[in-house]
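Report on one structure; see the data block that follows.
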Protein chains: 2
Amino acid sequence: MPYRAVVSGELAKLFGVLSHPIRIRIIEELKREDLTVGALKDILGITHAAVSQQLSVLRSNHLVVESRQGRNVVYHLRNPALAIWIMEGLGFILPDTSEMEKMRSAIKDVQNAWGSETKPVKAIAKKSNTKTRVK
Amino acid sequence: MPYRAVVSGELAKLFGVLSHPIRIRIIEELKREDLTVGALKDILGITHAAVSQQLSVLRSNHLVVESRQGRNVVYHLRNPALAIWIMEGLGFILPDTSEMEKMRSAIKDVQNAWGSETKPVKAIAKKSNTKTRVK
DNA sequence: TCTGTATTTGCAAATGTTAGCATATCTAAA
DNA sequence: TTTAGATATGCTAACATTTGCAAATACAGA
């Protein structure tokens, strides 16, 4: 039954794609509304190259989909449920005791924020760091 | 509102912990039953050092808990719901067209396997390779 | 229509950092 | 001493980040 190895490998790859704060942030923002590279650059406060590069990772792994709109490229989540699933992962985080309370309140804030900011099923909307290691 | 950065960082760290096939496999096996390092070594077919190393990553991130039993060390999931949540991530995997069908059936197999092998909800019980890159 | 320019995005290379593996050594319990 | 685990070290490969440049498009002017 080698399928276990295959599937755990695919899952690991998915988790690898998500193991970057900027990519998490991008997904978080795309849950609210479809955005261009420029808009994400402003929201996240990073260079366009950084945004584009992280988007290319998400794109090549089919988590986001692009669609050109004139000179802009608008990105949206292929499966919006992804953002919800990601947020559920908060339940498995056990913060360090030092940062415990800060994290607890932060998690609650985000849970509230994500809960209220429901993405309007919308049409063609148009406007507008850190490193993470394991050991 | 810097909490977004804090939380996305914590989430990214969690995903980083899970971005390794062996660690996924370990969680998968620990969902069925608590296991020792030696047992995991046999099941996964890797060296005890490799098992111990990956367990230390899981342990330092509070995903698994150890308990000595004589000369053995038994590991179990801190929160068994973690395994279920991980499996839900399969829904966001879009396999390459080449491997499409193989993956589809593999995913179904695993979903079935995980579905049936339910770990007894038990109380305070006390008993008893590949690399993954993103781009 | 054609041309030049600014805007937006993608892509590639260079550099620094880190994870994973294999091997070996070390510690704890019986 | 033996068995089960944990940890340290060196090597390799992959990742993150920045910088620069190329491609595509829109728009203004002739």
Side-chain angles (χ1 to χ4, degrees), chain A residues 5 8-9 12-26 30 34-61 64-76 125-135, chain B residues 5 8-9 12-26 30 34-61 64-76 127-135:
Chain A
S8 59
K13 190 163 69 175
L14 171 65
F15 286 121
V17 173
L18 299 176
S19 67
H20 194 292
I22 291 180
R23 295 199 282 265
I24 298 281
R25 292 294 308 280
I26 289 176
L30 290 183
D34 300 349
L35 292 168
T36 65
V37 175
L40 283 166
K41 166 181 89 71
D42 294 335
I43 293 173
L44 303 180
I46 59 181
T47 67
H48 88 270
V51 173
S52 183
Q53 191 155 334
Q54 303 307 334
L55 277 173
S56 82
V57 175
L58 294 173
R59 185 175 1 110
S60 65
N61 285 276
V64 303
V65 180
E66 65 169 276
S67 63
R68 271 209 105 91
Q69 305 257 329
R71 75 175 65 181
N72 294 327
V73 178
V74 181
Y75 285 89
H76 67 272
K126 204 94 308 155
K127 46 176 174 171
S128 307
N129 308 23
T130 311
K131 214 168 192 187
T132 304
R133 291 311 166 114
V134 163
K135 281 185 178 170
Chain B
S8 58
K13 191 163 70 175
L14 172 65
F15 286 122
V17 172
L18 299 176
S19 66
H20 195 291
I22 292 179
R23 295 198 282 265
I24 299 281
R25 292 293 309 280
I26 289 175
L30 290 183
D34 300 349
L35 293 167
T36 65
V37 175
L40 282 168
K41 166 180 90 71
D42 294 335
I43 293 173
L44 303 179
I46 59 181
T47 67
H48 85 270
V51 174
S52 185
Q53 192 169 333
Q54 304 306 334
L55 277 173
S56 83
V57 175
L58 294 173
R59 188 182 349 116
S60 64
N61 285 275
V64 302
V65 179
E66 66 168 282
S67 61
R68 270 208 106 94
Q69 305 260 328
R71 72 173 64 184
N72 294 329
V73 178
V74 181
Y75 283 89
H76 68 272
K127 34 171 186 175
S128 343
N129 286 346
T130 313
K131 214 168 193 188
T132 303
R133 293 311 165 111
V134 163
K135 281 186 180 168

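Just so it is clear, the structure is predicted and the values come from calculations on it, not from any experiment. Here is how names work: the chains are called A, B, and so on, in the same order as the sequence lines, proteins then strands, and each is numbered from 1. Side chains included, hydrogens not; waters and symmetry mates left out as well; all remaining heavy atoms used.
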Minimum-distance nucleotide to Arg59(A) side chain [options: dA16(D), dT7(D), dC11(C)]: dC11(C)

Beyond-backbone contact of Leu58(B) with Tyr75(B), side-chain heavy atoms, under 4.5 angstrom: no

dC21(C) phosphate, OP1 or OP2, under 4.0 Å from Gln54(B) side-chain N/O: yes

Gap separating the CD1 atom of Ile46(B) from the CD1 atom of Ile26(B), nearest 0.5 angstrom: 6.0 Å

Whichever of Thr47(B) and Leu55(A) has its nearest DNA chain C nucleotide further upstream toward 5': Leu55(A)

Exam field: side chain Ser56(A) to backbone Gln53(A), donor-acceptor pair closer than 3.5 Å: yes

Any donor-acceptor pair under 3.5 Å from Ser19(A) side chain to Gly16(A) backbone: yes

Candidates dT9(C), dG20(C), dT18(D) - which lies nearest the side chain of Gln53(A): dT18(D)

Distance below 4.0 Å between Asn72(A) side-chain N/O and dT9(C) OP1 or OP2: yes

Per Val37(B) side chain, nearest of listed nucleotides dC11(C), dG20(C), dA6(D): dA6(D)

Selected nucleotide, minimal atom distance to Arg23(B) side chain, candidates dC11(C), dT7(D), dG20(C): dG20(C)

For Arg71(A), side-chain contact (heavy atoms from CB on, under 4.5 Å) partners two or more places apart: none

Side-chain N,O (Thr36(A)) to OP1/OP2 (dT8(C)) below 4.0 Å: no

Spacing between Leu58(B) atom CG and dG20(C) atom C1', to the nearest angstrom: 14 Å

Rounded interatomic separation in angstrom, taking CD from Glu66(A) and P from dA23(D): 18 Å

CA sep, side-chain torsions, deciding dist, call: Leu55(B), Leu40(B), side-chain contact (heavy atoms from CB on, under 4.5 Å): CA-CA 10 Å; Leu55(B) 277 173; Leu40(B) 282 168; 4.1 Å; yes

Face-to-face stacking of His48(A) with dT9(C), centres under 5.5 angstrom, angle under 30°: yes

Close side-chain approach of Val64(B) and Arg59(B), heavy atoms under 4.5 Å: yes

Interatomic distance where CG belongs to Leu35(B) and P belongs to dA4(D) [whole Å]: 15 Å

Exam field: side chain Arg23(B) to backbone Val17(B), donor-acceptor pair closer than 3.5 Å: yes

Atom-pair distance (CD1 on Ile26(A); C1' on dT9(C)), nearest Å: 14 Å

dA6(D) OP1/OP2 closer than 4.0 Å to side-chain N/O of Tyr75(B): yes

Any His20(B) side-chain nitrogen or oxygen under 4.0 Å from OP1 or OP2 of dC21(C): yes

Integer-rounded Å distance: dA14(D) P and Lys13(A) NZ: 14 Å

side-chain N/O Ser52(A) vs dG10(C) OP1/OP2, d < 4.0 Å: yes

Euclidean distance, atom CG of residue Asp42(B) to atom C1' of dA4(D) [Å, nearest integer]: 12 Å

Under 3.5 Å, which protein N or O atoms sit close to an N or O of nucleotides 27-30 of chain C? Give each pair with its distance.
from: dA30(C); atom 1: O4'; to: Arg71(B); atom 2: NH2; distance (Å): 3.3

